[in-house]
Q: 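What follows is a structure written as structure tokens; I'll ask about it next.
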Amino acid sequence: MSNLPHTWAIANQKGGVGKTTTAVALGGLLARQGERTLLVDMDPHASMSAYLQCEAGPAGGSWALFAKDRQVWQTEVCQTAIEHLELLPAVSALATVDRQFGSVPGMGRRLAEALQSLGGRYQRVIVDCPPTLGVPMVNALAACERVVSPTQTEFMALRGLQHMQATLAKISHSLGGISAWHVVATLYDPRTHASTVCLQTLREQYAEHLANSVIPMDTQLREASHAGVPPHAWPGARRAARAYDNLLDELLAAETQSQSEGAA
Amino acid sequence: MSVPSVEPGHEAVLNDYLDALLTPESTAQQEPVDTEPGSHYRLCSASGVALALPEDAVESALPCPPLPTASRADTPWYLGPVECSGRSFEVAHLGRLVAPGLSEQPAAVLLPLRESDWALACDEASQMVSLREQDVRWRKTPGSRSWLAGTVSARRVAVIDVAGMLDIFRSEANLPAVTTEENEK
Ligand SMILES: Nc1ncnc2c1ncn2[C@@H]1O[C@H](COP(=O)(O)OP(=O)(O)OP(=O)(O)O)[C@@H](O)[C@H]1O
Ligand SMILES: [Mg+2]
């Protein structure tokens with residue numbers, strides 16, 4: 001049996017929808033369950049690295065995935081303050097990989113290849129993507145078995161989701177394979193008309209992809225990120241943390257189901 | 001909500017981009033390095049000029065930190081000592097050295113040169129090529145540009161003579177042999 005880590009990419013071609021928060025929340029919960037988890041920051045803004053207070057080393061964090069020396073990125077992984085949770089941080093130079101490697105064949109597979117070379121060091125990998133399609137996002141999508149798209153419950157976010165769906169279709173075509181796709185409603189505020197209508201639209205248009213768990217608007221999440229603490233460990237963010245806990249259960253159940261279907 | 005009209009041209013460009021990125025490297029024709037006998041060079045570009053650096057002369061490729069904007073009038077290519085990856089390099093702006101006066105982009109990559117304190121700032125340095133002796137029109141008589149070893153006309157690439165370039169750096173940047181502090185004056 002392969003000891004490849006289960007890899008999930010957190011991606012949406014829309015900014016500010018809760019991707020980084022979701023990556024940290026899921027990573028934090030998995031680590032709490034004792035799973036050796038690696039978070040990979042593929043966003044040149046390095047929000048996840050800032051959230052977990054990790055800085056890239058001399059080889060430039062996840063930028064090193066594109067270096068000639070295929071192994072050097074491993075020296076860039078840093079232990080976060082949370083047990084079992086490690087992070088490959090990002091640097092701004094990641095914004096230049098498209099200019100440098102955007103036309104180099106195979107550059108979209110670097111993360112997948114890197115994870116294959118890891119052996120059983122991690123059970124889980126969670127990749128936080130930038131909100132734009134480019135070499136870093138393509139690497140995340142090509143490496144993962146599951147794509148999780150947090151989607152803010154407002155209308156602009158629906159457009160981002162359409163773009164994401166089109167991108168996923170193209171990637172699966174190029175790769176000749178398909179990863180499972182989960183849409184997760186975030187920043188949900190039942191008091192606003194926009195939120196409720198949007199959630200309804202998601203339920204109608206993305207029925208087979210939409211997770212049952214809805215992440216509520218919870219301003220304490222911002223406080224948790226300032227403090228560098230994952231949502232589950234931030235007492236004020238209990239509501240959102242519970243929702244993320246449910247989401248994780250759903251994702252794990254879907255994973256188990258795919259495995260048993262695959263084995264059957 | 002209106003569905004955006006399909007733009008076949010755009011779509012095709014995007015499909016090609018993704019197909020190329022996701023082509024397994026082993027089947028990609030891009031890197032002739034392992035298939036052709038010859039010497040390995042790192043292709044880089046600076047101020048729009050394509051250059052080939054002997055691979056053994058380059059230590060690594062690092063993301064370029066912010067570079068000083070001021071430089072001396074007589075050696076505009078010399079940017080002074082710069083901290084990167086916990087080390088201090090004497091940085092030369094490759095574009096300004098080889099093509100003074102051409103328009104510049106902000107440098108994205110720093111290439112430390114092996115066995116020296118020098119690093120080259122350039123726009124891009126992602127590809128490797130293998131060049132055979134006969135591919136290069138080697139310069140026979142030394143001229144003013146002692147950094148130039150020869151040219152590959154098939155690829156419109158200038159091959160760099162690293163020793164010659166380091167000679168220029170050492171003689172023109174006027175660095176004291178041991179300490180660089182006096183240079184600040
Ligand atoms: N459920 C939520 N309730 C309230 N605030 C939230 C919630 N989820 C995220 N936020 C806050 O919204 C902001 C954006 O979230 P986050 O950084 O996770 O989004 P993102 O999609 O990663 O953004 P980007 O596209 O810029 O990377 C942050 O300040 C975060 O703390
Ligand atoms: Mg983010």
Side-chain angles (χ1 to χ4, degrees), chain A residues 44 56-64 66-70 72 76 90-110 112-113 133-139 141-143 155-156 158-159 162-163 166-177 201 205, chain B residues 1-4 6-7 10-33 40-45 55-56 58-66 83-89 105-112 122-129:
Chain A
S62 53
W63 198 83
F66 305 98
K68 198 161 58 104
D69 178 347
R70 298 287 178 106
V72 70
E76 289 287 318
V91 293
S92 314
L94 211 49
T96 69
V97 295
D98 258 281
R99 205 176 69 199
Q100 292 190 68
F101 307 119
S103 55
V104 181
M107 275 298 169
R109 291 178 176 260
R110 281 299 182 94
E113 288 162 2
L133 177 59
V135 173
M137 187 192 280
V138 171
N139 268 274
L141 299 179
F155 278 100
M156 292 299 280
L158 291 175
R159 275 297 280 277
Q162 287 169 357
H163 292 153
T167 299
L168 289 175
K170 288 187 165 71
I171 298 254
S172 2
H173 182 262
S174 298
L175 279 177
T201 311
Q205 293 184 3
Chain B
M1 200 194 288
S2 70
V3 178
V6 179
E7 297 273 3
H10 297 185
E11 297 291 316
V13 168
L14 192 52
N15 288 338
D16 288 350
Y17 168 81
L18 294 173
D19 278 343
L21 281 176
L22 297 170
T23 303
E25 261 172 299
S26 50
T27 61
Q29 293 161 358
Q30 134 73 29
E31 290 183 58
V33 173
H40 298 176
Y41 288 81
R42 183 181 280 268
L43 279 185
C44 55
S45 106
E55 183 47 13
D56 334 331
V58 183
E59 202 178 278
S60 57
L62 304 172
C64 196
E83 290 287 324
C84 180
S85 299
R87 284 168 63 189
S88 176
F89 296 104
Q105 294 185 327
V109 188
L110 202 61
L111 301 173
C122 59
D123 303 344
E124 184 189 302
S126 55
Q127 292 186 43
M128 297 297 164
V129 284

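FYI, side chains are in, hydrogens and waters are out, and symmetry mates aren't considered; it's all heavy atoms of this structure. Each chain gets a letter, A, B and so on, in the order the sequences are listed, and its residues count up from 1.
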Q: Output the distance between atom OG (B:S60) and atom CG (B:L110), rounded to the nearest 0.5 Å.
A: 8.0 Å

Q: If you measure from CZ on A:F155 to OG1 on A:T201, what distance do you get to the nearest 0.5 Å?
A: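 Taking CZ in A:F155 and OG1 in A:T201, the distance rounds to 4.0 Å.
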
Q: Tell me, side chain or backbone of A:V135 under 4.5 Å from chain B's heavy atoms, or both, or neither?
A: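 Interface part for A:V135: both.
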
Q: Relative to chain A, which segment of B:R42 carries a heavy atom at a distance below 4.5 Å: side chain, backbone, both, or neither?
A: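 For B:R42, the contact with chain A is made by the side chain alone.
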
Q: Select one option (side chain, backbone, both, neither) describing which atoms of B:E55 are under 4.5 Å from chain A's heavy atoms.
A: side chain

Q: Is there side-chain contact between A:V97 and A:N139, with heavy atoms separated by less than 4.5 Å?
A: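 They are not in side-chain contact.
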
Q: Are A:T96 and B:E124 packed together at the side-chain level, in the sense that at least one heavy-atom pair is separated by less than 4.5 angstrom?
A: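 They are not in contact (no side-chain heavy atoms under 4.5 Å apart), so the answer is no.
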
Q: Between A:G60, A:A67, A:A142, A:G102, which residue shows the highest count of heavy-atom pairs closer than 4.5 Å to chain B?
A: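 Of the candidates given, the most pairs with chain B belong to A:G102.
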
